[in-house]
Amino acid sequence: MFTLKTFDGNNQLMASSNGFFVGSDGEAVSSYQPFKGAQRAVVIDVQGKEWPVECIIGANDMYDVAKFKVDVKKPQALTVAQAKAGKGAVAWLLPYSVKKVPDCKQGTVAEAEVFQTDYAYYTLDMTADERQAGCPVMNDEGEVIGILQPSADGQAGKSYAVSVLFASTMQMSGLGMNAPAMKATGIKKALPDDIEQAQLAMFMAASAMDSLQYIDFLERFIRKFPQHPDGYVNRARNLASATQFAEAEKNMEQALKVADKKDDVHYQYAALILQHRMLQSKTPYGPWTLERALQESQAAYEASPMPVYLQQQAQIHYALQHYDEAFQLYQQLTKSDLRSAEVFYAAAQCRLAQGDQSGAIAQLDSAVNTFSRPYLRAVAPYLMARGRLLDQAGKHRQAVSDFNEYEKLMTGQLTAEFYYLREQSEFAGHLYQQAIDDIQKAIEMAPQDPVYHAEKASVELRVGRYDEALVAAREAVRLAPDQADGHLLLGLGLCVKGQKTEGLASLQKAKELGHEQAQSLIEKYSK
């Protein structure tokens, strides 16, 4: 048995309780409440020896119990009873005491309420001091049946204990460190013993911990699983993000050394180098070239010919501006299990980079054709991409058709920019009323944007609706008096309406603001 003491970040004592060992490797149990908000904890035995709490293994706020590991070699552990004590059974409270023979208190089990099938919450006919919370409650055989808890009602002659088996069998899982009770303490969390659960915990730790905690977690993972590559791979990523590339490289080489499946490590290595070259190109690490990334990816494919490795090679070829090689790999992927709209879209980007607009549209056709009607929202990005490309190719009405499909799918998430984009395609495709309707929608959604008012003025002028054009142009000028477009359109509209004096003044203002067309219009309407 021992006294548990917890401390805050300033090393100030926060709480004190009792506890006891339940395992020969330093596993111990106590109340959970002292750990809340704590950054450090120690245990002190009856002889005054002190040991640090190494990590939390499990915690439960509802039943106020915690299991943790103490940094001590082969402590004397109490024996945990494997069976529940029944109503009327004799119970003994073993208090924390410096006496050689502690003054045990005898009582009986008044109630044994079962929870989670295998465990009991005991009501004891026994008077206990609040300071004895966390002490063991034992049966006649000297086995621990429960952990004494503080009395919630203060009723004399009654005490409460939660099954020690519930606390002692707690194990850390991959998701366990994100449980509210675990997040409420700053003391280190134990790593799961199962490698798959430990891998999940490492994934969760990357986003749940601060940088120093995560570094410590990675170090502990590597110490516990030195022959597993994931610890080295994740440490390499962390080091690379801190621009410690030489150390990151050593870790990746170590990961390759210990890995049974080297293809995945080669793949991860290639991904790390590619990310470095794409995102940290201002401070490139010499040995980590795109060519090196390609070599690692090819080594992964040689070790295990999986399509995902070809996809990575295609991405690297694209980054190297080897557009035809990338395209050929994407074409190969369309005949694999990775055939998808995303693959066709990537192939379209290769064709675009080669200046082959028609080829890019053909690839986007294939991307859209991977979906069947009625369309789901997942097709929307590919419809938008094809619509933009069709518009650039002068196929305006086909572009509008794609934009219309996109509108149906994205109802409630459309922006003024979308309606402005579609309006331009509609106007170029001589769909004038649709264009007017769309630019009006854009204005309604973003009434303070002068570009939309200027565009509406332009459309209205071209279809001969001069009064509407003047209203829109004046609003564009009001919103952006220093932009030339509004003044030009206002001047043009006034001149067309026969108000040349005012119109020429607006055209002159547009000229002063740098509009290239203003002078030719001034010359035209000055005659």
Side-chain angles (χ1 to χ4, degrees), residues 1-5 15-24 26-35 43-46 57-68 70 75-171 181:
M1 293 180 62
F2 51 75
T3 295
L4 169 74
K5 292 185 180 295
S16 180
S17 187
N18 303 290
F20 52 94
F21 289 105
V22 291
S24 60
E27 300 92 343
V29 296
S30 182
S31 303
Y32 164 70
Q33 290 301 316
F35 288 101
V43 303
I44 304 169
D45 71 7
V46 294
I57 299 171
N60 187 283
D61 198 3
M62 178 181 294
Y63 290 101
D64 191 22
V65 291
K67 181 182 178 183
F68 47 96
V70 179
Q76 183 178 354
L78 298 179
T79 302
V80 174
Q82 299 302 304
K84 297 185 288 288
K87 184 176 181 179
V90 174
W92 297 88
L93 173 63
L94 179 61
Y96 179 82
S97 174
V98 295
K99 295 180 181 179
K100 204 165 194 180
V101 180
D103 297 326
C104 294
K105 291 187 177 182
Q106 183 179 357
T108 56
V109 175
E111 296 289 342
E113 181 183 347
V114 176
F115 68 96
Q116 295 186 16
T117 307
D118 297 320
Y119 312 113
Y121 189 84
Y122 298 106
T123 300
L124 307 172
D125 285 330
M126 177 191 295
T127 299
D129 193 311
E130 292 286 323
R131 293 171 296 179
Q132 294 170 333
C135 288
V137 176
M138 313 178 83
N139 60 22
D140 261 344
E141 286 72 40
E143 301 169 328
V144 185
I145 60 171
I147 304 171
L148 190 72
Q149 296 198 311
S151 175
D153 53 20
Q155 186 178 355
K158 293 290 182 183
S159 299
Y160 304 90
V162 65
S163 169
V164 69
L165 196 61
F166 172 64
S168 65
T169 55
M170 285 180 173
Q171 296 293 330

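Residue indices begin at 1 and follow the sequence shown. Only a predicted model underlies this, so the values are computations on that prediction, with no experimental measurement involved. What's counted below: heavy atoms across the whole structure, side chains too, no hydrogens, waters or symmetry copies.
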For residues Ala85 and Ala112, report the shortest heavy-atom separation together with the two atoms involved.
O-CB, 3.6 Å
Is there a side-chain contact between Val164 and Val29 (heavy atoms, below 4.5 Å)?
yes
Could you report the tightest heavy-atom contact between Cys104 and Pro95, atom names first, then the distance?
CA-CD, 4.0 Å
Side chain to side chain contact (heavy atoms under 4.5 Å, CB included) between Leu124 and Tyr160, intermediate numbers included
CA-CA 6 Å; Leu124 307 172; Tyr160 304 90; over 6 Å; no
Using atom types as modelled and distance alone, determine if a side-chain donor or acceptor of Lys67 lies under 3.5 Å from a backbone N or O of Ser168.
yes
May I ask you to decide if the ring planes of Phe115 and Phe166 are parallel, tilted or perpendicular, using 30° and 60° as cut-offs?
perpendicular
Tell me yes or no: between the side chains of Tyr121 and Gln149, is some donor less than 3.5 Å from an acceptor?
yes
With a 4.5 Å heavy-atom cut-off, do Val70 and Phe21 have their side chains touching?
yes
Look only at the side chain of Thr123 and the backbone of Ala110, and say whether a donor-acceptor pair between them is shorter than 3.5 Å.
no
Applying side chain to side chain contact (heavy atoms under 4.5 Å, CB included) to Ile44 and Lys5, what does each step give before you reach the verdict?
CA-CA 8 Å; Ile44 304 169; Lys5 292 185 180 295; 3.9 Å; yes
Donor-acceptor check, side chain of Lys105 to backbone of Thr127, threshold 3.5 angstrom: yes or no?
yes
Donor-acceptor pair, distance only, cut-off 3.5 Å: does the side chain of Ser163 make one with the backbone of Leu165?
yes
Okay, side chain of Thr108, backbone of Asp125: is any donor-acceptor separation there less than 3.5 Å?
no
In terms of heavy-atom contacts, Pro34 and Ser17 come closest through CG-CB, 3.8 Å
Scanning both residues in full, the closest heavy-atom pair of Lys84 with Ala120 reads CD-CB, 3.8 Å
Closer than 3.5 angstrom, by distance alone: can the side chain of Gln82 be matched with the main-chain N or O of Val80 as a donor-acceptor pair?
yes
Exam field: side chain Lys87 to backbone Glu111, donor-acceptor pair closer than 3.5 Å
no
Report yes if some heavy atom in the side chain of Met1 is under 4.5 Å from a heavy atom in the side chain of Val46; otherwise report no.
no
Any chance you could lay out the side chain to side chain contact (heavy atoms under 4.5 Å, CB included) test for Ser30 and Asn18, step after step, and finish with the verdict?
CA-CA 6 Å; Ser30 182; Asn18 303 290; 5.7 Å; no
Using the side chain to side chain contact (heavy atoms under 4.5 Å, CB included) rule, take Leu4 and Phe35 through it: C-alpha gap first, then chi angles, then the decisive distance, then the call.
CA-CA 10 Å; Leu4 169 74; Phe35 288 101; 3.7 Å; yes
Any side-chain heavy atom of Ser159 within less than 4.5 Å of one from Leu148?
yes
Closest approach of Pro75 and Ser24, non-hydrogen atoms and distance?
CD-O, 3.3 Å
Give the intermediate values and the outcome of ring pair (Phe, Tyr, Trp, His ring centres under 6.0 Å) for residues Tyr63 and Tyr32.
CA-CA 8 Å; Tyr63 290 101; Tyr32 164 70; over 10 Å; no
On a heavy-atom basis, the closest approach of Gln106 and Val90 is NE2-CG1, 3.8 Å
Cut-off 3.5 Å, no hydrogens considered: what does the side-chain donor-acceptor table look like for residues 133-147, sequence neighbours left out?
unit_1 : atom_1 : unit_2 : atom_2 : d
Asn139 : OD1    : Glu141 : N      : 3.0
Asn139 : OD1    : Gly142 : N      : 3.1
Asn139 : OD1    : Glu143 : N      : 2.9
Asn139 : ND2    : Glu143 : OE1    : 3.1
Asp140 : OD1    : Trp92  : NE1    : 2.9

